Every structure is written in C-alpha cells, then in structure tokens.
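For reference, the structure discussed in these notes is given below.
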Amino acid sequence: SSPAHEALGLPFSEAARVGDLLYVSGQIGNLPGSLELAPGGIQAETQQALDNIAAILARHGSSLDRVAKCTVLLLDMAEWPALNEIWVRTFPNKPARSALGSTGLAKGARVEIECIAAAGD
C-alpha cells in the first residue's frame with residue numbers, strides 16, 4: 001500500500017498481487033490522501049474511484065487497459081446510467097463487470113469499485 005493509504009489507517013491493503021494478477025481493493029470516490037468524497041454526486045465519485053484505481057494500478061506496474069474484471073457496488077441502481085457515462089470513457093476495452101445494489105457503503109459513498117488486473121508481462 002502507498003504511504004497515503006497507510007496514513008489513513010484503513011484495515012486493508014490497497015491491492016494484493018498473486019502471481020501475475022493484481023487484486024485492487026474496493027475504491028470509493030475519496031479524494032487522494034483523505035476520506036472525503038469527491039463532491040458532485042455519482043459521476044464525480046465514479047470518476048474519482050476510477051482515478052484512485054488507476055493510481056494504484058500504476059504504482060504496481062499495471063494500468064486501466066490491463067483490467068480484466070470489475071465489481072461495482074451502487075447505493076442506488078437508478079444511478080447505473082450515470083455511472084456508465086463515466087465507465088465507457090474510462091474502459092473502451094470493456095472489461096468483464098458485475099454490479100450489485102447496496103443498502104450502504106463506507107463513508108456514505110454512492111459507489112465502490114474493485115478490480116482485477118494483469119500485473120505481469
């Protein structure tokens with residue numbers, strides 16, 4: 001985990017590598033170095049969560065174009081179309097994806113995203 005992640009005192013790693021796969025822990029749309037959510041609702045939180053994932057992947061020698069699978073948790077499934085507007089710009093390669101509705105997410109987030117990406121050659 002990065003020093004910024006460690007400084008937040010969270011009880012999990014930002015990512016774990018097993019062989020050539022990188023498992024990125026669920027990311028909410030928190031601003032880097034804090035637990036404050038990006039202002040602006042579902043699209044702002046989705047963009048920030050994906051930016052957080054991109055930064056984690058880069059630190060571990062991977063990238064968004066190497067993502068194979070994501071799981072998305074949404075506070076309100078009615079916001080699915082708004083999330084997809086951000087998603088298609090971020091993932092033109094369309095990785096596999098699952099989505100679940102939730103009754104609550106950490107820190108009052110509207111979305112949480114976890115990913116599995118290739119990390120080896």
Side-chain angles (χ1 to χ4, degrees):
S1 291
S2 69
H5 178 84
E6 291 295 324
L8 295 175
L10 299 172
F12 54 87
S13 298
E14 65 183 8
R17 186 171 174 163
V18 178
D20 287 341
L21 293 177
L22 188 63
Y23 296 82
V24 178
S25 293
Q27 298 296 305
I28 60 174
N30 59 300
L31 299 170
S34 80
L35 293 176
E36 180 183 343
L37 294 172
I42 186 65
Q43 288 191 324
E45 286 185 39
T46 299
Q47 186 63 62
Q48 187 62 59
L50 292 169
D51 289 349
N52 294 346
I53 290 167
I56 292 166
L57 291 170
R59 281 195 292 278
H60 294 277
S62 190
S63 61
L64 287 172
D65 64 340
R66 300 192 75 198
V67 170
K69 169 75 167 75
C70 294
T71 302
V72 177
L73 301 168
L74 278 166
L75 185 62
D76 182 352
M77 290 300 289
E79 293 182 323
W80 187 250
L83 176 136
N84 279 334
E85 289 179 22
I86 304 300
W87 195 269
V88 298
R89 292 194 307 252
T90 304
F91 289 114
N93 61 335
K94 298 182 183 176
R97 179 177 77 177
S98 301
L100 303 153
S102 176
T103 59
L105 297 170
K107 302 297 178 184
R110 305 205 62 73
V111 63
E112 181 173 337
I113 304 168
E114 65 178 29
C115 293
I116 302 169
D121 294 329

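Because the structure is predicted, anything quoted here is derived from the model rather than measured.
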Item to complete: Measure the CD1-CG distance between Ile116 and Leu22 for me, rounded to the nearest 0.5 Å.
Response: 10.0 Å

Response to the item:
residues 103-115 vs side chain to side chain donor-acceptor pair (under 3.5 Å), sequence neighbours excluded, gives Glu79-Arg110

Discussion item. If I compare all heavy atoms of Ser102 with all of Gly104, which pair ends up nearest, and what's the gap?
Written reply: OG-O, 2.8 Å

Fill in: Check: Ser25 main-chain N/O paired with Gln27 side-chain donor or acceptor under 3.5 Å
yes

Worksheet item: Nearest 0.5 Å, what's the CD-CZ distance between Glu85 and Arg89?
Response: 7.0 Å

Discussion item. Any heavy-atom pair between the side chains of Val72 and Leu83 that's under 4.5 Å?
Written reply: yes

Worksheet item: How long is the span from the OG1 atom in Thr71 to the CD1 atom in Ile113, to the nearest 0.5 Å?
Response: 10.0 Å

Item to complete: Starting from Ile28, walk the hydrophobic network (Ile, Leu, Val, Met, Phe, Trp, Tyr; side-chain heavy atoms closer than 4.5 Å) and list everyone else you reach, by chain and number.
Response: Leu37

Worksheet item: Which pairs count as ring pair (Phe, Tyr, Trp, His ring centres under 6.0 Å) when at least one residue sits in residues 91-121, sequence neighbours excluded?
Response: Trp87-Phe91

Practice prompt. Can you tell me which residue pairs pass the side chain to side chain donor-acceptor pair (under 3.5 Å) test with a partner in residues 92-101, sequence neighbours excluded?
Written response: Lys69-Ser98, Asn84-Arg97

Discussion item. Going by side-chain contact (heavy atoms from CB on, under 4.5 Å), name the residues that satisfy it together with Glu36, two or more places apart in sequence or in a different chain.
Written reply: Leu31, Ser34

Worksheet item: What pairs meet the salt bridge (charged side-chain N to carboxylate O under 4.0 Å, His left out) rule with one or both residues in residues 19-29, with sequence neighbours excluded?
Response: Arg17-Asp20

Worksheet item: Are any side-chain N or O atoms of Ser62 and backbone N or O atoms of Ala118, one a donor and one an acceptor, separated by less than 3.5 Å?
Response: yes

Item to complete: Under the side-chain contact (heavy atoms from CB on, under 4.5 Å) rule, what do Leu64 and Ile53 come out as? Steps first, then yes or no, please.
Response: CA-CA 8 Å; Leu64 287 172; Ile53 290 167; 4.1 Å; yes

Item to complete: Calculate, to the nearest 0.5 Å, the distance between atoms CZ and CG belonging to Arg66 and Leu57 respectively.
Response: 9.5 Å

Response to the item:
On a heavy-atom basis, the closest approach of Ala38 and Ala44 is CB-O, 3.9 Å

Practice prompt. Only one of Asp51, Thr90, Val111 passes side-chain contact (heavy atoms from CB on, under 4.5 Å) with Thr46; say which it is.
Written response: Val111

Practice prompt. Run the numbers on Leu73 and Leu105 for side-chain contact (heavy atoms from CB on, under 4.5 Å), then give the verdict.
Written response: CA-CA 8 Å; Leu73 301 168; Leu105 297 170; 3.9 Å; yes

Item to complete: Give the minimum heavy-atom separation between Ile56 and His60, together with the two atoms involved.
Response: O-CD2, 3.0 Å

Discussion item. Distance check, rounded to the nearest 0.5 Å: Ile86 atom CD1 versus Glu45 atom CD?
Written reply: 12.0 Å

